[in-house]
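These values consider heavy atoms only, across backbone and side chains, with no hydrogens, waters or symmetry-generated copies. Naming: A, B, ... by sequence-line order, numbering from 1 per chain.
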Number of protein chains: 2
Amino acid sequence: MTKNSRFTVAVHALALLAIVRGKPATSDYIARSVNTNPVVIRRILGVLGKAGLVETHPGAGGGSELAKKPSDISLLEVYRLMGNVDLFPMHTQPPSEDCVCGRHIQTVLSGVFSEAQQAMEHVLDGLTIEDIELQIEELEESGLCEPC
Amino acid sequence: MTKNSRFTVAVHALALLAIVRGKPATSDYIARSVNTNPVVIRRILGVLGKAGLVETHPGAGGGSELAKKPSDISLLEVYRLMGNVDLFPMHTQPPSEDCVCGRHIQTVLSGVFSEAQQAMEHVLDGLTIEDIELQIEELEESGLCEPC
DNA sequence: GTAACTGTAACTATCTTAGTGACAATTAGG
DNA sequence: CCTAATTGTCACTAAGATAGTTACAGTTAC
């Protein structure tokens, strides 16, 4: 599996932006919540910004806020933006063409892999940042939004 | 996501063993089909052997063969044996407990992640090495088994 | 006895990732 | 205009994972 946590961090950041709704959040503020370095957050917000999910402003009083409604941001969109393409890596070197198995295994596996991956992506496609936000607020058992 | 190709290689090896049905295959033979080093194959066969999927014999005339029917080996079993546990890595450091979002994000995400992973695993659970073998043989458009 | 195997340890090269410091550019506000 | 706050981005490091490789002792068939 892609051994990176960028999807997790991106969803965390977007959920936080949803919770503070409208008030711009600095990379430093988000980084404290995620418990990482602000540069890591800025890198991810950069990708989300180019895709139109967030708007970011430099300078004093700057920061990032959502550019779309939380209910319009699907987790699948975020997942793909974070560079997650193939769930199952193929052979590092192409298999032997001199073998019945080597000749066809990649064709067969790519069908299987894509079916499995689609099943997973279908679940992510049915969930939005709003769902995450609501579940967090439900767990907190209060309608207030005092994130930090 | 799993960043290693061991699952692919394991399925390749098992499919090859299914195709040559009964005739023991050496790690060198399998490695030529996969296009890798025999030690890489032996490492994987070692795991499959401990799990009872293959039987391996050392010495001259040795090699590996399936210990179960191809139809009794599910791809999910192989997937898990290859060390694939969590599809979606969480934060590298635990998020801040001082933040509403940081406090609950992992609880919420672990539910979402497990749902998505289960959907993927359900597909793998419905497929066996026999399915792979049959698809390969179908592509080869011949009932003969001359793998190399 | 010899040749053909496996199992496994040890090592290397390569890649990916997260994290970090540094600094120019931008902006708000006095 | 000056200052403080903030982003974007580059360059680097440390750590970890992976595939590949060599080597060699142990096992087996003939």
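- Thr56(B) pairs by the side-chain hydrogen bond (donor to acceptor under 3.5 Å, both in side chains) definition with Ser64(B), not counting sequence neighbours.
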Worksheet item: Would Arg42(B) and Ser27(B) count as a side chain to side chain donor-acceptor pair (under 3.5 Å) if you check the C-alpha gap in whole Å, the side-chain angles of each, and the deciding distance to 0.1 Å?
Response: CA-CA 6 Å; Arg42(B) 281 182 237 154; Ser27(B) 63; 3.1 Å; yes
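- Summarising the geometry, the separation between CG on Asn4(A) and P on dA17(D) is reported as 14 Å, rounded to the nearest angstrom.
- Contact check, Thr92(B) against dT17(C): no side-chain N or O comes under 4.0 Å of OP1 or OP2.
- Here the straight-line distance linking atom CD1 of Ile30(A) with atom OG1 of Thr36(A) works out to 12.0 Å at 0.5 Å rounding.
- As rounded to whole Å, 18 Å separates atom P of dA5(D) from atom CD1 of Ile30(A).
- The separation between Gln93(B) atom CD and dA18(C) atom C1' is 9 Å, rounded to whole Å.
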Worksheet item: Reading nucleotides 23-30 of chain D 5' to 3', which nucleotides get B (base under 4.0 Å from a protein heavy atom), which S (sugar-phosphate only), which -?
Response: B---BBS-
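- Between Phe7(A) and Phe88(B), the two ring planes are tilted [angle within 30° to 60°].
- Within the nucleic acid shown, Ser64(B) has no heavy atom closer than 4.0 Å to any nucleic acid atom.
- For the pair Arg21(A) and Glu65(A), the salt-bridge criterion is not met [side-chain N within less than 4.0 Å of a carboxylate O].
- Under a 3.5 Å cut-off, the side chain of Gln93(B) and the backbone N or O of Asn35(A) do not form any donor-acceptor pair.
- One finds a side-chain N or O of Arg6(A) lying less than 4.0 angstrom from the OP1 or OP2 phosphate oxygen of dT17(C).
- For the pair Phe7(A) CZ and dA18(C) P, the computed distance is 14 Å after rounding to whole Å.
- The backbone N or O of Arg103(A) lies less than 3.5 Å from no partner atom in the side chain of Glu97(A), so there is not a single donor-acceptor pair.
- Distance CD1 (Ile41(B)) to P (dG7(C)): 12 Å, rounded to an integer number of Å.
- Close to dG20(D), at under 4.0 Å from its OP1 or OP2, lies a side-chain N or O of Thr36(B).
- Look at Glu55(B) and Lys68(B) and you find no salt bridge, because none of the NZ, NE, NH1 or NH2 atoms lies under 4.0 Å from a carboxylate O.
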Identify the pairs formed between an N or O of the protein and an N or O of nucleotides 13-15 of chain D at a distance under 3.5 Å, and give each distance.
none

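- An OP1 or OP2 oxygen of dA19(D) is reached within less than 4.0 angstrom by a side-chain nitrogen or oxygen of Ser5(B).
- The interatomic distance linking Asn37(A) (CG) with dG8(D) (C1') rounds to 14 Å, in whole Å.
- Side-chain N/O atoms of Ser27(B) include none lying less than 4.0 angstrom from OP1 or OP2 on dC5(C).
- In terms of position along DNA chain D, the nucleotide closest to Gly46(A) lies nearer the 5' end than the nucleotide closest to the other residue of the pair Gly46(A) and Arg43(A).
- Salt bridge absent: Lys69(A) and Glu130(A) never bring a charged side-chain N and a carboxylate O closer than 4.0 Å.
- Atom CG in Asp28(A) sits about 14 Å away from atom C1' in dA4(D), given to the nearest Å.
- Contact between Pro70(A) and Ala18(A) at its shortest, heavy atoms only, is CG-CB, 3.9 Å.
- One can place CG of Leu45(B) at 13 Å from C1' of dC5(C), the figure rounded to the nearest angstrom.
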